[in-house]
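Worksheet: the structure to be examined is printed underneath.
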Amino acid sequence: MQVRNASQSSEGSHNMSRFRILFLVPAFLFAAALGATNADLILENGTIHTVDPDVALVEAVAIADGRIIALGSKTAVDKFRTTQTQVIDLDGRFAMPGFNDAHVHLGNAALRMLNVDLSETTSLEELKTRLAAEVPKRKPGQWIYGRGWDESKWAGGRVPTRDDLDAVTTIHALFLERADGHSAVLNSLALQRAAIDRDTPDPAGGVIDRDATGRATGWLKEKAADQAFGLIPEPTRGQWRDGFLRAMHHALENGVTSVQDDTLRSPGQGKTAVSVLQELHAEQALPIRITVWLPFEAPLEELEKWRKELGTSDRWLKAGLLKTNIDGSGGSLSAAMLEPYSSAPDNKGLLLLDPDTVTDMVIARDAAGFQIGIHAIGDRANRVVLDAFDSAIRSNGRRDSRHRIEHAQFVNGADLERFRSLGVIASVQPSHLLTDLRWAPSLLGAQREADAYRWKSFVDSGAHLCFGTDYPVEPIGPMRGLYAAITREFESGGPPGGWHPDESLDMRAAIAAYTLEPAFAEFEETRKGTLTVGKLADIVVLARDVTRLAPEDVLQTRVDITIVEGRVAYRRH
Ligand SMILES: [Zn+2]
């Protein structure tokens with residue numbers, strides 16, 4: 001967002017290039033200090049992958065005041081050790097910069113944390129057990145919202161009844177949404193609050209399921225479920241806080257130390273949610289770093305206000321790009337394509353925004369110095385957004401804008417090179433491939449398959465490519481993304497050799513796309529993304545060296561320790 005020279009330190013106080021030159025000599029023999037000489041923390045005896053092209057691997061790192069003060073051999077780094085220094089023996093384990101997830105919806109993740117996830121249940125008994133574990137955590141009288149059950153997956157499955165749920169609790173109101181989102185079961189207290197009894201007629205467009213005697217079973221369909229859902233209060237600030245902290249702790253467990261987040265645009269409560277993040281930040285209680293995206297369509301004055309309020313330089317919470325969506329998704333055939341879907345010859349998907357309108361808005365927001373990130377999945381959507389960014393350069397001149405296309409899933413060959421030439425970052429989610437592989441080939445047809453998920457082509461063209469997950473759409477764990485990036489195979493394996501394996505990356509490129517590149521994509525590469533003297537000490541320790549593992553073992557690789565700003569924020573027990 002800021003117009004800032006890429007080589008200039010974001011804080012302007014440290015001259016990094018001096019240290020770069022030092023590292024041109026063999027890194028193992030030298031450690032470079034940055035002012036401080038007493039380390040708070042030293043990691044040693046590891047395989048430490050710095051992602052810094054000038055340094056590559058070291059065996060030890062020293063940290064003071066949340067920043068890296070030295071890197072190199074154990075002996076070299078030992079000079080910074082005092083009696084006060086905490087030392088972590090990596091014992092041969094692998095360490096690297098903390099993962100930076102370039103695309104998340106933390107607010108949605110927080111809401112899921114507050115809800116009871118029933119999607120993995122394999123029986124009615126398990127559903128009841130899961131709920132019974134949740135009940136003691138909730139105050140009597142509260143609603144408990146669970147979602148994701150699907151009786152068709154249960155042996156001898158039947159839809160739960162109010163009596164099943166009353167056996168779990170009669171003093172909390174239970175609303176359990178089925179996996180498809182079209183119906184829900186409620187316990188008796190919830191039915192009572194929804195004023196549903198024997199005499200209640202079915203609402204228009206809805207069904208109140210009843211047994212042979214006419215008594216409501218608790219199963220509400222469509223509008224009947226929607227009406228009851230409307231009774232569940234929106235989360236309180238305290239609940240938001242709780243949900244965010246749980247989601248962020250989950251990120252830490254997965255080695256993720258920074259996220260770039262679309263919460264503000266969430267319908268309804270985005271502003272409340274972000275104000276809770278601001279509150280946590282004011283208390284210095286944010287466990288990870290968050291860049292908050294702003295709503296692209298908002299009037300410029302409002303965007304300026306947000307940019308001022310959140311600022312663009314705080315290392316924990318700051319304003320980032322302006323986000324919007326120009327098309328839908330491949331799976332629902334709503335991504336805007338140049339030619340019809342192979343599986344639906346009358347359908348080219350659709351644009352959610354008119355190209356001329358988008359172009360005008362991009363030009364105005366670019367002129368105001370904002371970074372812009374637009375969700376574009378289909379090849380037509382990608383072309384329209386590239387055209388708009390091109391127009392911005394023609395109108396406003398070239399600057400270090402770092403505009404992004406989020407997803408960039410299907411890109412026509414004629415457009416690929418434009419990412420580099422226009423300076424547009426491809427912000428992709430490799431783990432989507434693990435899900436999309438089920439339908440993408442039939443959707444695209446043989447001719448267009450090569451246009452899909454073109455990770456290697458982006459890198460080879462010289463464009464910037466960064467990774468994220470779309471969490472909670474996909475799990476936040478980066479191992480799935482790394483695995484997808486290097487294999488292009490299902491988690492269970494296949495297709496043999498990978499789907500269009502020429503587009504897979506090597507592990508080092510995949511790690512860079514998950515660390516240095518996301519930092520670049522949020523104007524943070526001078527203080528994050530590599531382990532470099534002077535940068536923030538955000539580090540993840542993995543149980544195994546992922547650069548030397550068979551791909552199937554990458555998926556199983558665990559995070560042992562996550563360090564944020566020089567402090568151990570997570571340690572696996
Ligand atoms: Zn998203």
Side-chain angles (χ1 to χ4, degrees), residues 108-236 238-240 242-243 246 266-269 472:
N108 293 350
L111 291 178
R112 284 207 191 182
M113 289 292 179
L114 298 174
N115 303 332
V116 186
D117 181 7
L118 302 170
S119 60
E120 306 287 318
T121 52
T122 55
S123 66
L124 176 56
E125 280 316 304
E126 192 185 339
L127 174 136
K128 289 163 79 173
T129 310
R130 195 76 65 90
L131 286 168
E134 195 62 29
V135 160
K137 300 180 200 160
R138 311 289 182 117
K139 288 191 196 118
Q142 275 190 347
W143 284 86
I144 297 177
Y145 172 55
R147 62 169 310 284
W149 60 271
D150 181 351
E151 83 292 345
S152 72
K153 291 183 184 166
W154 299 343
R158 63 169 174 83
V159 172
T161 64
R162 65 195 290 176
D163 300 322
D164 294 321
L165 305 189
D166 286 347
V168 179
T169 180
T170 53
I171 56 169
H172 302 81
L174 295 180
F175 182 101
L176 309 184
E177 190 174 307
R178 195 173 182 277
D180 62 4
H182 290 272
S183 70
V185 284
L186 283 69
N187 68 349
S188 293
L189 180 59
L191 288 169
Q192 187 192 323
R193 287 186 182 173
I196 291 173
D197 62 23
R198 197 173 283 273
D199 304 322
T200 314
D202 287 350
V207 175
I208 299 169
D209 187 63
R210 296 164 210 272
D211 66 16
T213 72
R215 177 176 179 254
T217 63
W219 190 19
L220 307 182
K221 299 176 188 175
E222 304 292 351
K223 282 286 179 291
D226 294 349
Q227 286 179 6
F229 180 76
L231 298 172
I232 304 176
E234 292 190 328
T236 62
Q239 286 170 325
W240 270 116
D242 180 38
R246 285 162 70 178
S266 327
Q269 285 211 296

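Residue numbers run from 1 in the order of the sequence given.
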- [ ] Starting at CD of E126, measure out to CG of L124 and round the result to the nearest 0.5 Å.
- [x] 10.5 Å
- [ ] For the pair S266 (side chain) and Q269 (backbone), establish whether a donor and an acceptor sit closer than 3.5 Å, ignoring hydrogens and angles.
- [x] no
Open item on the list: Testing the basics here: between A194 and A228, what is the closest heavy-atom pair and its distance to 0.1 Å?
Closed with: CB-CB, 4.2 Å
Open item on the list: Go through it in stages, so that I can follow the logic: the residues are D242 and K137, the test is side-chain contact (heavy atoms from CB on, under 4.5 Å), and I'd like the CA-CA distance, side-chain angles, deciding distance and then a yes or no.
Closed with: CA-CA 12 Å; D242 180 38; K137 300 180 200 160; over 6 Å; no
Task: Carboxylate-amine/guanidinium contact D117 R147, below 4.0 Å - done: no
- [ ] Please name the pair of heavy atoms, one in K223 and one in P203, separated by the smallest distance, quoted to 0.1 Å.
- [x] C-CG, 4.3 Å
Open item on the list: To the nearest 0.5 Å, what is the distance between CD1 on I208 and OG1 on T200?
Closed with: 5.5 Å
- [ ] For the pair T129 (side chain) and E125 (backbone), establish whether a donor and an acceptor sit closer than 3.5 Å, ignoring hydrogens and angles.
- [x] yes
Open item on the list: Using only atom types and a distance under 3.5 Å, with no angle test, would you say the side chain of S183 pairs donor to acceptor with the backbone of W219?
Closed with: no
Open item on the list: Whether D202 and R210 form a salt bridge (side-chain N of Lys/Arg under 4.0 Å from carboxylate O of Asp/Glu) is what I want to check.
Closed with: yes
- [ ] Quick one: pull up CZ in R193 and CG in L231 and give me the separation to the nearest 0.5 Å.
- [x] 9.0 Å
Task: salt_bridge(R130, E134) N-O dist < 4.0 Å - done: no
Open item on the list: One pair to check against side-chain contact (heavy atoms from CB on, under 4.5 Å): L165 and L127. What are the steps and the verdict?
Closed with: CA-CA 9 Å; L165 305 189; L127 174 136; 4.2 Å; yes
Task: W149 (side chain) donor-acceptor with E177 (main chain) under 3.5 angstrom - done: yes
Open item on the list: Testing the basics here: between G218 and L191, what is the closest heavy-atom pair and its distance to 0.1 Å?
Closed with: CA-CD1, 3.8 Å
Task: Distance (rounded to the nearest 0.5 Å) between L186 CG and D166 CG - done: 10.5 Å
- [ ] With V185 as reference, evaluate D209, L176, L174 under the side-chain contact (heavy atoms from CB on, under 4.5 Å) test and give the passing residue.
- [x] L176
TODO: Assess whether side-chain contact (heavy atoms from CB on, under 4.5 Å) is satisfied between Y145 and L114, documenting all intermediate values.
DONE: CA-CA 8 Å; Y145 172 55; L114 298 174; over 6 Å; no
Task: Rounded distance [0.5 Å steps], NZ in K153 versus CD in E120 - done: 7.0 Å
Open item on the list: Any salt bridge linking R215 with D163? Criterion: basic side-chain nitrogen under 4.0 Å from a carboxylate oxygen.
Closed with: yes
Task: Sidechain-backbone polar pair: R198 side chain, T213 backbone, donor-acceptor under 3.5 Å - done: yes
Open item on the list: L131 and side-chain contact (heavy atoms from CB on, under 4.5 Å): which single residue from T121, N187, V168 fits?
Closed with: V168
Open item on the list: Checking H172 against W143 for the side-chain contact (heavy atoms from CB on, under 4.5 Å) test, could you report, in this order, the C-alpha distance in whole Å, the side-chain angles of both residues, the deciding distance, and whether it holds?
Closed with: CA-CA 6 Å; H172 302 81; W143 284 86; over 6 Å; no
Task: D226 and E222, any side-chain heavy atoms less than 4.5 Å apart - done: no
Open item on the list: Quick check: closest heavy atoms across L189 and A173, and the distance to 0.1 Å?
Closed with: CD2-N, 3.8 Å
TODO: Ignoring hydrogens and angles, tell me if any N or O in the side chain of Q239 forms a donor-acceptor pair with the backbone of T236 under 3.5 Å.
DONE: yes
